[in-house]
Amino acid sequence: MCGIVGYIGYNNTKEILLNGLEKLEYRGYDSAGIAMLDDNDINLFKVKGRIAALRQRVNDTAASTMGIGHTRWATHGAPSAENAHPHQSTSGRFVLVHNGVIENYQELKRDYLDGIAFGSETDTEVIVQLVDKNAEKYGDTAEAFRQTINLLKGSYAIGLIDKQDKETIYVAKNKSPLLVGLGDGFNVVTSDAMATLKETDQYLEIFDREVVLVNRNFVEVQKLDGTAVTRSPFTAQIDVSDTEKGTYPHFMLKEIDEQPFVMRRIIQEYQDEHDRLKLDQDIRSAMKTCDRVYIIAAGTSYHAGLAGKRLLEKMAGIPVEVHVASEFSYNTPLLSEKPLFVFISQSGETADSRSVLVKIKEMGHPALTITNVPGSTLSREADFTLHLHAGPEIAVASTKAYSAQIAVLAILAVDTARAKGFELDFDPLQELAIAANAMEVLTEQKETIEELVRDNLGTTRNAFFIGRGSDYFVCLEGALKLKEISYIQAEGFAGGELKHGTIALIEEGTPVIALATQENVNYAIRSNVQEVVARGANDIIFSMKGLERDTDAFVVPQVHELLAPLVSVVPMQLLAYYAALHRDCDVDKPRNLAKSVTVE
Ligand code: M6R
């Protein structure tokens with residue numbers, strides 16, 4: 001995780017770095033720093049905490065035309081000003097920012113840096129000390145940088161400044177994302193184009209194990225042996241307004257509200273001029289010819305994968321396994337003869353998923369990535385990509401990406417079913433349009449949900465979510481949302497499973513949120529509710545129109561039952577949002593978390 005910004009140009013370095021870092025805070029926000037080069041020296045500012053704290057710390061005299069900045073999610077060493085980046089070499093000549101993990105940093109320290117006094121507990125500091133040492137040896141910073149990069153094992157996106165060279169930011173990357181943004185008389189370096197969109201929409205991709213010398217007037221991409229590489233820039237297709245909160249108090253609320261529009265955009269993007277489904281022919285044939293789909297994902301995307309399994313199995317008749325990415329890498333199950341791997345990831349950068357992708361590519365299996373970021377690592381390295389079209393998701397708690405993932409999986413399921421010649425009584429585009437309208441109705445019922453939160457979750461220390469079938473998957477997501485941002489301990493359970501142990505935790509007044517949107521289990525889940533109510537639980541039932549009973553707390557509009565997760569998740573997201581608000585929690589940036597989890 002962590003976010004990097006660099007700027008070399010003519011003015012305003014401080015603001016460009018700080019504004020960029022603010023946009024990158026989703027990548028980590030426990031400490032931050034910037035270094036700017038002026039005529040005489042490097043001005044270094046580092047704080048524990050957020051960019052707002054860094055802003056106060058950076059003084060106005062620090063005028064400069066080049067600099068690098070970093071916002072951190074701690075891996076090696078606690079969040080502190082000492083461990084914050086940029087790190088400076090002991091001689092004071094070099095400063096460096098890094099995103100990733102250097103796996104061999106202890107060996108490097110032992111083999112090359114004996115006797116050097118380190119100022120932090122980070123793996124990163126090894127890199128800047130090594131560059132300094134190599135600069136003395138080779139007498140040339142570019143060569144020293146390449147030699148240092150050659151020694152690194154692990155993941156990294158790096159920006160380096162040399163006090164003796166006011167014309168270059170030295171950049172390198174492996175596995176962690178990094179782009180160079182191209183301007184007129186200036187250039188930028190960034191972990192995400194979104195952070196520097198105000199400066200430019202032209203970006204140059206950097207590939208793993210490449211080094212880039214970024215000057216204010218030109219950019220030179222090199223391989224590690226120093227040979228030059230030519231590459232054309234691409235235009236970042238992001239609307240600046242998508243990256244702003246506008247009149248919303250939080251990105252999360254804005255993103256919940258955007259879900260109906262995202263559904264409609266997906267319908268548009270996956271429809272041809274004859275209103276038929278439009279999907280890449282190669283994806284269709286990969287889906288048609290595989291004998292089993294392995295869905296790999298983490299967190300919320302894993303929960304969307306569970307809903308996807310049901311859609312693919314019910315409609316396209318393909319057996320599907322859904323795996324938590326971090327488990328699959330180390331405990332790979334027996335695979336079928338012709339597997340197809342489907343990676344689901346909002347960011348497309350999740351390290352756990354990527355390590356599975358690397359592994360299955362080595363084994364020669366095909367991979368499809370479903371992501372919100374088409375140029376992301378998981379997208380680039382897979383054979384095929386399906387885009388979510390959800391627009392940038394900034395709040396750490398994922399909302400609109402989850403519903404977009406389910407919608408795209410539904411389209412994939414129907415397309416595959418048709419390719420296999422199955423007759424379906426389900427028009428995905430029409431059913432998604434109905435779900436979009438239902439979502440819109442739900443986003444207008446915020447006051448009711450807020451009241452439910454006040455009455456039922458106000459001071460509780462825990463909560464349970466129960467459901468059966470696809471309601472169970474939404475319960476897992478509802479519980480994750482609630483614990484992630486409100487810090488209420490919450491668990492999602494299959495309705496029938498609670499009595500096999502967990503029911504022991506039910507006390508007088510324990511909130512049990514039950515979902516009832518599936519006709520075949522409506523009776524069964526209501527029996528499970530009775531079991532907990534008999535033991536003192538406070539039941540809060542969310543049902544679907546047509547299945548409701550008088551005592552239900554909330555009724556969602558009726559949609560096709562295969563798409564029920566798209567609508568039942570909206571009140572779950574709002575429950576979490578208002579619970580977090582009620583407890584005065586930082587909704588968009590919950591503690592200990594980061595949006596893009598790029599470490600294993
Ligand atoms: O970018 P990804 O979808 O791969 O991220 C996976 C998880 O880290 C993510 O869904 C996480 O669980 C969210 N913060 C949940 O709201």
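Since the structure is predicted, the reported quantities are computational estimates derived from the model, not experimental observations. Remember, it's 1-based here, ligands and their atoms both numbered in the order they're listed.
Stacking of Arg583 on the aromatic ring of Tyr487 is not recorded, the 6.0 Å distance cut-off and the 45° axial limit not both being met.
Protein heavy atom at the shortest distance from atom 6 (C) of ligand 1 is Ala298 O, 3.3 Å. Looking only at protein heavy atoms, the nearest one to atom 3 (O) of ligand 1 is Ser301 OG, 2.6 Å. Counting only heavy atoms of the protein, atom 4 (O) of ligand 1 lies nearest to Thr350 OG1, 2.4 Å. Of the protein's non-hydrogen atoms, the one nearest atom 1 (O) of ligand 1 is Ser347 OG, 2.6 Å. Val597 CG2, 3.9 Å is the protein heavy atom nearest to atom 8 (O) of ligand 1.
Taking 4.0 Å as the cut-off, Ser353 does not count as a neighbour of ligand 1 on heavy-atom distance.
Using a 4.0 Å cut-off between heavy atoms, Lys481 contacts ligand 1 through its side chain alone, with no backbone atom that close. When non-hydrogen atoms are compared, ligand 1 lies under 4.0 Å from neither the backbone nor the side chain of Glu349. Within the 4.0 Å heavy-atom criterion, both parts of Thr300, backbone and side chain, lie near ligand 1.
Per-residue contacts place Ala397 under 4.0 angstrom from the following atoms of ligand 1 (heavy atoms of the residue considered): 16 (O). When each atom of ligand 1 is checked for a heavy atom of Glu484 under 4.0 Å away, the hits are 13 (C), 14 (N), 15 (C), 16 (O). If you number the atoms of ligand 1 from 1 as listed, the ones under 4.0 Å from a heavy atom of Ser345 come out as 1 (O), 2 (P), 3 (O), 4 (O).
Within 6.0 Å of CD on Glu444 lie more than 12 heavy atoms contributed by other residues, nucleotides or ligands.
With hydrogens and angles ignored, the 3.5 Å screen pairs no side-chain donor or acceptor of Ser543 with any backbone N or O of Thr517.
Ring orientation note: the planes of Phe464 and Phe493 are tilted relative to one another, at an angle of 30° to 60°.
Remark: Tyr156 OH to Ile102 CD1 distance equals 7.5 Å, nearest 0.5 Å. A distance of 11.0 Å separates CD1 of Ile411 from CG of Leu311, quoted to the nearest 0.5 Å. Atom CD1 of Ile394 and atom NZ of Lys595 lie 8.5 Å apart (nearest 0.5 Å).
Here's the thing with Val396: one of its N/O atoms is less than 3.5 angstrom from an N/O atom of ligand 1. No N or O atom of Gln405 sits closer than 3.5 Å to an N or O atom of ligand 1.
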Task: Stepwise side chain to side chain contact (heavy atoms under 4.5 Å, CB included) test for Ile318 and Arg292 - done: CA-CA 6 Å; Ile318 307 179; Arg292 185 170 286 249; 5.5 Å; no
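Not less than 6.0 angstrom separates the ring centroid of His365 from the ring centroid of Tyr294.
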